[in-house]
*Asks:* 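So that we are looking at the same thing, I have put the structure below in structure tokens.
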Amino acid sequence: MVDQTKIKEAVRLLLEGIGEDVSREGLRETPDRIARMYGEIFAGMDEDAGEHLTKTFAVASNEMVLVKDITFYSICEHHLMPFYGKAHIAYLPNGKVVGLSKLARTVEVYARRPQIQEQMTIQIVDAVMEHLKPQGAVVMLEAEHLCMTMRGVEKPGSRTVTLASRGCFQEDPKWQALFFRMIGEDKVYNQDLAK
């Protein structure tokens, strides 16, 4: 649970620390606004992905399920700056599937906490494996990090791509190749698979 009182105090100190006058008109309500905003963007701190992945439906066929281009926004735990992008999730069912929106909600659970992209990718794929018990799962995140574009090396437009696979997607290259083909990345990644 976000402690809004502590956040307000911290924002006031931060503003004073950069030399601002916290009593001026434009900043008077900023601590309150930031506290409310943090309640939203860190809502995943109090959530469990299992809440979204436990209601499943039986299926006769075990064909691959893919939800791609799930937009997410997160906060880098190193600089408390945003990173944002798209998530692609696929799994090979083992007799049951979950509602498609539940995969997007799972992304939100992990995105709405102080995070690093590499860990978030692993958390999502492991949650899918734990709760759906599929034959395999793969998650790919593509994101731009403002800690790289606004400061430091200042390279806008650069994106970081992370991939985590389990089960058949890790053991059998054909499943990973199908995943890349379905998300439209096969030209780039299939060259690596052919080596």
Side-chain angles (χ1 to χ4, degrees), residues 1-4 6-7 10-11 14 33-56 64-91 97-134 136-153 155-167 169-170 176 179-180 182-185 189:
M1 186 74 138
V2 171
D3 185 333
Q4 294 207 354
K6 285 186 178 179
I7 293 171
V11 171
L14 174 68
R33 283 191 287 267
I34 298 290
R36 287 193 307 273
M37 178 188 71
Y38 276 19
E40 291 175 36
I41 65 175
F42 293 123
M45 297 289 295
D46 300 320
E47 285 190 70
D48 176 5
E51 295 172 27
H52 304 295
L53 294 172
T54 52
K55 183 171 172 127
T56 58
M64 186 168 83
V65 176
L66 167 69
V67 179
K68 68 179 194 170
D69 296 327
I70 302 166
T71 301
F72 71 87
Y73 299 89
S74 192
I75 300 292
C76 169
E77 66 185 32
H78 297 150
H79 296 97
L80 294 182
M81 293 191 74
F83 67 95
Y84 59 94
K86 304 277 185 190
H88 314 291
I89 304 174
Y91 67 98
V97 294
V98 69
L100 300 176
S101 69
K102 304 306 183 189
L103 294 173
R105 291 190 187 279
T106 300
V107 171
E108 287 298 302
V109 166
Y110 294 112
R112 292 180 178 253
R113 351 178 133 173
Q115 192 59 276
I116 63 170
Q117 181 177 334
E118 297 88 340
Q119 178 171 302
M120 184 174 147
T121 310
I122 292 166
Q123 289 170 331
I124 295 167
V125 79
D126 286 345
V128 170
M129 289 299 290
E130 177 185 349
H131 297 288
L132 300 184
K133 310 271 190 268
V138 60
V139 172
M140 181 173 155
L141 302 184
E142 303 174 79
E144 183 166 342
H145 293 246
L146 292 189
C147 59
M148 274 186 63
T149 62
M150 282 182 67
R151 56 155 305 279
V153 297
K155 297 297 178 200
S158 61
R159 65 181 183 150
T160 300
V161 180
T162 51
L163 180 80
S165 57
R166 302 288 184 266
F169 287 95
Q170 192 171 39
Q176 215 170 80
F179 170 74
F180 288 132
M182 290 177 72
I183 65 170
E185 297 287 343
Y189 296 104

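Each residue takes its place number in the sequence, starting with 1. Only heavy atoms go into these numbers, but all of them, side chains included; no hydrogens, no water, no symmetry mates.
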*Asks:* Mind listing the closest non-hydrogen atom pair of Ser165 and Gln176 along with its distance?
*Replies:*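 In terms of heavy atoms, the two residues are closest at OG-NE2, 3.3 Å.
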
*Asks:* How about CE on Met150, more than 12 heavy atoms from neighbouring residues, nucleotides or ligands closer than 6.0 Å, or not?
*Replies:*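 Incorrect, the count does not exceed 12.
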
*Asks:* Could you label the plane-to-plane angle of the His145 and Phe83 rings as parallel, tilted or perpendicular, counting under 30° as parallel and over 60° as perpendicular?
*Replies:* parallel

*Asks:* Kindly compute the distance separating CD (Gln119) from CG (Asp126), expressed to the nearest 0.5 Å.
*Replies:*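 These two atoms lie 10.5 Å from each other.
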
*Asks:* Would you indicate whether the side-chain heavy atoms of Phe42 and Ile7 approach each other to under 4.5 Å?
*Replies:* no

*Asks:* What's the verdict on side-chain contact (heavy atoms from CB on, under 4.5 Å) for Val107 and Met120, showing C-alpha distance, side-chain angles and the deciding distance?
*Replies:* CA-CA 8 Å; Val107 171; Met120 184 174 147; 4.1 Å; yes

*Asks:* Any donor and acceptor pair, going by atom type alone, linking the side chain of Arg112 with main-chain N or O of Met45 inside 3.5 Å?
*Replies:* no

*Asks:* Measure the shortest side-chain to side-chain distance between Val139 and Gln123 over non-hydrogen atoms and say whether it is less than 4.5 angstrom.
*Replies:* no

*Asks:* Taking all atoms of both residues into account, what is the closest heavy-atom pair of Val2 and Gly39, and its distance?
*Replies:* CG2-CA, 3.9 Å

*Asks:* Quick one, Leu53 and Leu103 - any side-chain contact, counting heavy atoms below 4.5 Å?
*Replies:* yes

*Asks:* Under 3.5 Å, side chain of Glu144 to main-chain N/O of Gly157, donor-acceptor pair present?
*Replies:*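 Flag set: sc Glu144 to bb Gly157 pair under 3.5 Å.
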
*Asks:* Counting distance only, does the side-chain N/O of Glu142 pair as donor-acceptor with the main-chain N or O of Val161 below 3.5 Å?
*Replies:*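 No, because the side chain of Glu142 does not come within donor-acceptor range (under 3.5 Å) of the backbone of Val161.
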
*Asks:* Using the test side chain to side chain contact (heavy atoms under 4.5 Å, CB included), find all partners of His52 that sit at least two apart in sequence or belong to another chain.
*Replies:*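 For His52, the residues satisfying side chain to side chain contact (heavy atoms under 4.5 Å, CB included) (neighbours in sequence not counted) are Glu47, Lys102, Arg105, Thr106, Val109.
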
*Asks:* Report yes if some heavy atom in the side chain of Val98 is under 4.5 Å from a heavy atom in the side chain of Tyr91; otherwise report no.
*Replies:* yes

*Asks:* If you take all heavy atoms of Thr149 and Pro156, which pair is closest and at what distance?
*Replies:*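 Reported closest heavy-atom pair: CG2-CA, 3.4 Å.
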
*Asks:* What pairs of donor and acceptor atoms, side-chain ones from residues 68-79 against any protein atom, are under 3.5 angstrom apart with sequence neighbours left out?
*Replies:*
unit_1: Lys68; atom_1: NZ; unit_2: Met182; atom_2: O; d: 3.3
unit_1: Thr71; atom_1: OG1; unit_2: Lys86; atom_2: NZ; d: 3.0
unit_1: Ser74; atom_1: OG; unit_2: Ala111; atom_2: O; d: 2.6

*Asks:* Can you tell me how far apart CD1 (Ile124) and NE2 (His88) are? Round to the nearest 0.5 Å.
*Replies:* 11.5 Å

*Asks:* Do Thr121 and Tyr110 touch side chain to side chain, with heavy atoms closer than 4.5 Å?
*Replies:* no

*Asks:* Taking all non-hydrogen atoms of both residues, which atom of Val67 and which atom of Leu100 are closest, and how far apart?
*Replies:* CG2-CD2, 3.9 Å

*Asks:* Go through it in stages, so that I can follow the logic: the residues are Thr160 and Gln117, the test is side chain to side chain donor-acceptor pair (under 3.5 Å), and I'd like the CA-CA distance, side-chain angles, deciding distance and then a yes or no.
*Replies:* CA-CA 8 Å; Thr160 300; Gln117 181 177 334; 4.5 Å; no

*Asks:* What closest approach, in Å, do Ser158 and Met148 show between heavy atoms, and which atom pair accounts for it?
*Replies:*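 Reported closest heavy-atom pair: OG-CE, 3.6 Å.
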
*Asks:* State whether the side chain of Arg113 and the backbone N or O of Gly44 hold a donor-acceptor pair below 3.5 Å, judged by distance alone.
*Replies:*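 Yes, the answer is positive, given that a donor and an acceptor are paired below the 3.5 Å cut-off.
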
